[in-house]
Amino acid sequence: MSDRNAEYNVKVKGVEISPEPIARGQPTTFSIAATTGQALSGGKLVIDVSYFGWHIHSETHDLCEETSCPVSVGDFVIAHSQVLPIFTPPGSYSLKVRLYDGNQHEKTCITFGFGIGFGSDSSVADM
């Protein structure tokens, strides 16, 4: 959603997936580097997961559990760790991450993809 990025107070600068390739059954961390022009005392992250374009999962997390709060003006990193079940099917996935402040105002939205390969524990990026 980079075309709408200019409308948001929080600008996403990049996403890193670690480890890469993703190992099923092991923790994977999605780190989102961002910058904010407005301090955030709290809020929430809403994460939607799609598999080959079909929405399959949603979860909500407290912003202060994913980064240090309060978030000061400037650069910061949101780091979300997730264990993908060993039976996660191979294919193309996308994550949509929306950040809301404490007043439920959407501050940013980013969508990025990753792939799980057909091997027993491998993944491929940017399928």
Taking all non-hydrogen atoms of both residues, which atom of [X] and which atom of [Y] are closest, and how far apart?
X    : Y    : answer
E106 : Y100 : OE1-OH, 3.3 Å
S50  : H55  : OG-CA, 3.8 Å
V77  : A33  : CG2-CA, 4.4 Å
S41  : C64  : O-SG, 3.9 Å
L84  : I22  : CD1-CG2, 3.3 Å
P19  : T28  : CD-CA, 4.2 Å

> Going hydrophobic residue to hydrophobic residue with side-chain gaps under 4.5 angstrom, can you get from I56 over to L45?
Replying inline: yes
How long is the straight-line distance from [atom2] of [Y] back to [atom1] of [X], given to the nearest 0.5 Å?
X   : Y    : atom1 : atom2 : result
E59 : H80  : CD    : NE2   : 4.5 Å
E7  : C109 : CD    : SG    : 11.0 Å
F30 : F112 : CZ    : CZ    : 5.5 Å

> Donor-acceptor pair, T35 side chain versus G74 backbone, under 3.5 Å?
Replying inline: yes
>> For a quick check under 3.5 Å, do T36 and N9 share a side-chain donor-acceptor pair by atom type?
In response: no
>> Distance alone, cut at 3.5 Å: any donor-acceptor contact between the side chains of T111 and S94?
In response: no
Is any side-chain heavy atom of [X] closer than 4.5 Å to a side-chain heavy atom of [Y]?
X    : Y   : value
T108 : K11 : no
P27  : Q82 : no
D48  : R98 : yes
Y51  : P89 : yes
I47  : H61 : yes

>> Looking at D101 and K44, is there a salt bridge between them, counting it only when a charged N and a carboxylate O are closer than 4.0 Å?
In response: no
> Hey, mind stepping through I32 and V12 against side-chain contact (heavy atoms from CB on, under 4.5 Å) and telling me if it holds?
Replying inline: CA-CA 7 Å; I32 301 170; V12 174; 3.8 Å; yes
>> Between L99 and L63, is the side-chain contact (heavy atoms from CB on, under 4.5 Å) condition met? List the steps.
In response: CA-CA 8 Å; L99 169 62; L63 174 64; 3.6 Å; yes
> Does the ring-ring contact (aromatic ring centres under 6.0 Å, His included) test come out yes or no for F52 and Y93, once each step is laid out?
Replying inline: CA-CA 6 Å; F52 285 109; Y93 291 82; 7.5 Å; no
>> Going by side chain to side chain contact (heavy atoms under 4.5 Å, CB included), V10 matches just one of I78, L40, V71. Which one?
In response: L40
>> Go through it in stages, so that I can follow the logic: the residues are T29 and S18, the test is side-chain hydrogen bond (donor to acceptor under 3.5 Å, both in side chains), and I'd like the CA-CA distance, side-chain angles, deciding distance and then a yes or no.
In response: CA-CA 5 Å; T29 300; S18 177; over 6 Å; no
